[in-house]
Amino acid sequence: MMNKFERRDGNPIKKAFIYFVCIILALLSIWPFYVMAINSTRSTFEVQQQAVALMPSTHLMDNFKVFQGKSFNPGRGFLNSLIVAVGATACTVYFSTLTAYALVAYQWKLRNAMFTFILCVMMIPGQVTAIGFYQFMYRIHMTNNLLALILPAVYAPSAVFFMRQFMIASLPLELLDSARIDGAGEFFTFNRIAMPIMKPAMATQGIFSFVGTWNNLFMPSILLTRDEVKTMPVMVSMLKGDIYKREYGAIYLGLTLTVLPLFVVYFALSKYIIAGIALGGVKG
Amino acid sequence: MNQIKSKDNFSYAKYGYIFSIPFIIAFLVFNLYPTLFTVLLGFTDSKGLGNITFHILKDDPWKNFRAVLKAPTFILSIKNTFVLWTMNFIPQITLALLLTAWFTSRRNEIRGKGFFKVVFYMPNIITSASVAVLFSTLFGYPKGPVNDLLISLGIRDSAYYFMNSGTATRWIVAFIQFWMWYGYTMLVLISGVLGISPDIYEAAEIDGANDRQIFFRITLPNLRTILTYTLVTSLIGGLSMYDIPKMLNNGNPSNATLTATMFIYNQSFQNSYMYARGAAASMILFLIIAFFSAIVFYLLRERKGERRKRK
């Protein structure tokens, strides 16, 4: 008994070392964002005098005023990002669940071929076909149209893969049979019986899809050239422009505004996010 | 009875096709067509903003591909991509493995694991464009938080111009990648360890194996598939790296942090808008990535087989 107790407790020096490393890493995660948040309330003069401060200052509103009448428009960017992220997430989650349902609930000839195909294309990043996509969108006058970033989200092979794995484990096929006996149509069965069971997986996939779309820089920076339609990450590049070269407080404030929604989402849902990664199949 | 059931399945089979239609259409329109169009453009003289006419290079179809492969900046961008990836991946996987060993150790029960997981993973979810601009400000010269810190700690006498040094900028890019991804890798590895049967660990403990032996003899061999998977997906992610080097210092100084995706962007969407050349470079990158995805595909199949065997 005594022996077992000792074993569980382990080596105290090693344990102290582990805590030390973990605390250093935690500080490393937090420090850059802390500097960013604090400096967004400080004037450019204060930042230049001393780049790191512990306590916030009083110049938040002054820094806000720098943005007025300039191309960096956080309100506009926030709205555009929200439209794209919500639209794309809805497309990804709904249609990936539907496709996964087709793969799980029905026996059809090409089912295995379809699944193999999804595994094949899952890893190909969009960057390599961006030029063809841009030229295509340009020809049908869809550049500077947020739909060009939303509709392609219907095709999300890694989301289908994730949904399929979850569905196999948690959707009892007998339930579908009994719905059929009760006379429910196939589409009705999907919407009213399968979807509610899939809610946890849809939530997990929804979070990752939302964050991924919100953070996307490459496609939006190619497609969106007019200021009114730019999303947050594209606007961030404007902060590096000449206008803000001397406005440090405003740069920090701009950065804070671009990432604020993500912090809110993360700290509200971190439990599900961490669990979602453990489930696997989700790639950022 | 059996016959009736199979008849039933037959009549429902069409819904498998019907429900796949939106996915297939989206694939054809937004993925396959742009892919084929990119391939085609690689064999044309397409260039110039707003110019939609192009001619197929009949005399010398591989001209763009040759031009790309001969371009010193393209070779450099591929080299940079691998250098930056290696600089970030080795420390990343080492730290992730170490943390995994600590967090799953049955002897040293660590408190606040949940908190540490949330904090370590946090940078991964934040817009990398914003993170890169934030770091370029943090490493600012002559005044910046990092320089202030170095001077006040007595490590340096004067401010260091980080963004003017190729090596320093590369290390900063690699550090950001490392910092954003080690938490993710750790979470994936931990879930892998939790999937290993606890019986093996109990048996090892009864036999008196120490932490080190358990890690190297049980945990590591059992994580082999997941480790390879992590390596290859990370490599593919690294090959499409764009946001961080672009927003940190735009690939500078002297293209020390220019990546393959940035090369494609610069060819196609800047200066003379050489879509054809960008498309050729895209296809070369596509082939490199397809090669690595083939490995992942192979691994996933192997895993599927394993699972079936266990059943």
Side-chain angles (χ1 to χ4, degrees), chain A residues 7-8 10 14-15 18 22 25-26 28-30 32 35-36 48 51-52 95 98-99 101-102 106-108 111 114 119-120 123-125 127-129 131-133 135-136 139 151-152 154-155 186 211 215 217-218 222 233 236-237 239-240 251 255 258-259 262 266 270 274 277-278 280 283-284, chain B residues 9 12-13 15-17 19-20 22-23 26-27 30-31 34-35 37-38 41 52 102 107-108 110 116-120 122-130 133-134 137-138 143-145 148 184 187-188 191 233 236 240 242-243 247 261 268-269 275 278-279 282 285-286 289 293 296-297 300:
Chain A
R7 265 192 176 183
R8 284 278 167 217
K14 188 184 169 190
K15 222 170 164 177
I18 292 173
C22 286
L25 288 172
L28 204 60
S29 281
I30 295 165
V35 171
M36 173 186 82
Q48 274 179 327
V52 187
F95 289 104
L98 188 67
T99 314
Y101 187 71
Y106 302 105
Q107 299 279 345
W108 39 297
R111 183 167 86 155
M114 176 83 169
L119 286 181
C120 285
M123 295 294 161
I124 304 292
Q127 277 96 323
V128 291
T129 56
I131 294 170
F133 186 75
Q135 289 274 332
F136 174 38
R139 280 169 168 76
L151 292 177
V154 172
Y155 165 78
E186 293 303 301
V211 170
N215 289 343
L217 172 70
F218 191 73
I222 289 171
V236 167
S237 58
L239 285 175
K240 288 205 81 180
I251 291 182
L255 289 172
T258 61
V259 299
L262 292 166
Y266 187 57
S270 62
I274 302 290
I277 298 162
K283 231 183 111 252
Chain B
N9 280 339
Y12 286 120
Y15 287 100
Y17 294 96
F19 287 171
S20 306
F23 180 86
F27 165 71
F30 297 117
N31 198 278
T35 307
F37 200 20
T38 311
L41 285 170
I52 54 171
W102 288 347
R107 286 194 190 138
N108 290 296
I110 305 293
F116 286 127
K117 281 184 191 173
V118 168
V119 175
F120 293 171
M122 184 178 72
N124 190 272
I125 218 140
I126 307 302
T127 320
S128 36
S130 302
V133 175
L134 175 61
T137 319
L138 293 179
K143 288 292 287 182
D148 272 20
Y184 169 83
L187 291 175
V188 170
S191 80
T233 46
I236 292 171
S240 42
Y242 173 80
D243 301 14
M247 300 300 272
T261 309
S268 315
F269 301 104
Y275 300 118
S282 299
L285 186 63
F286 185 98
I289 290 173
S293 343
V296 171
F297 172 56
L300 280 176

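Throughout, a chain's letter reflects where its sequence line sits, starting with A, and its residues are numbered from 1.
- Contact of B:Phe116 with chain A is made through the side chain alone, with heavy-atom distances under 4.5 Å.
- Taking the six-membered ring for Trp and the full ring otherwise, B:Tyr17 and A:Tyr106 have centroids separated by 6.0 Å or more.
- Between chain A and the options B:Ser128, B:Ser240, B:Ala26, B:Gly16, the largest number of non-hydrogen pairs under 4.5 Å is found for B:Gly16.
- Panel note: side chain B:Ser282, backbone A:Thr129; no donor-acceptor pair is recorded below 3.5 Å.
- The parts of A:Phe136 that come within reach of chain B are both its backbone and its side chain, each placing non-hydrogen atoms under 4.5 angstrom from that chain.
- When heavy atoms are compared at a cutoff of 4.5 Å, B:Leu41 approaches chain A solely by way of its side chain, counted from C-beta outward.
- For A:Arg111, no part lies near chain B; criterion is any non-hydrogen pair under 4.5 Å.
- By number of non-hydrogen pairs under 4.5 angstrom with chain A, the leading residue of B:Val118, B:Leu187, B:Ile289 is B:Val118.
- The part of B:Asp148 that comes within reach of chain A is its side chain, from C-beta onward, which places non-hydrogen atoms under 4.5 angstrom from that chain.
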Evaluation steps, side-chain contact (heavy atoms from CB on, under 4.5 Å), between A:Lys15 and B:Trp102: CA-CA 9 Å; A:Lys15 222 170 164 177; B:Trp102 288 347; over 6 Å; no

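- If you tally non-hydrogen atom pairs under 4.5 Å between each of B:Ala129, B:Pro145, B:Gly278 and chain A, the highest count goes to B:Pro145.
- Ring planes of B:Phe19 and B:Tyr15: tilted class, angle from 30 to 60°.
- In this structure, the side chain of A:Asn215 does not engage the main chain of A:Pro233 through any donor-acceptor pair within 3.5 Å.
- Looking at A:Val154, the atoms closer than 4.5 Å to chain B (heavy atoms on both sides) sit in the backbone and in the side chain alike.
- Evaluation of the ring pair (Phe, Tyr, Trp, His ring centres under 6.0 Å) rule for B:Phe23 yields A:Tyr155 as partners, not counting sequence neighbours.
- Residue B:Phe286 touches chain A through both its backbone and its side chain, counting heavy-atom pairs closer than 4.5 Å.
- Contacts of B:Ser268 with chain A are made by side-chain atoms alone, with heavy-atom separations under 4.5 Å and no backbone atom involved.
- Counted by atom type alone, B:Ser130 and A:Thr258 present one or more donor-acceptor pairs between their side chains at under 3.5 Å.
- Only the side chain of A:Phe95 comes within contact range of chain B, judged by heavy atoms closer than 4.5 Å.
- Judged by distance alone, with hydrogens and angles left aside, the side-chain atoms of B:Thr38 form a donor-acceptor pair with the main-chain N or O of A:Gly132 at under 3.5 Å.
- With a 4.5 Å cut-off on non-hydrogen atoms, A:Tyr266 touches chain B through its side chain but not through its backbone.
- In this structure, the side chains of A:Met36 and A:Val259 come closer than 4.5 Å at one or more pairs of heavy atoms.
- Of the listed residues (A:Ile274, A:Leu25, A:Thr99), the one with the most heavy-atom contacts under 4.5 Å to chain B is A:Leu25.
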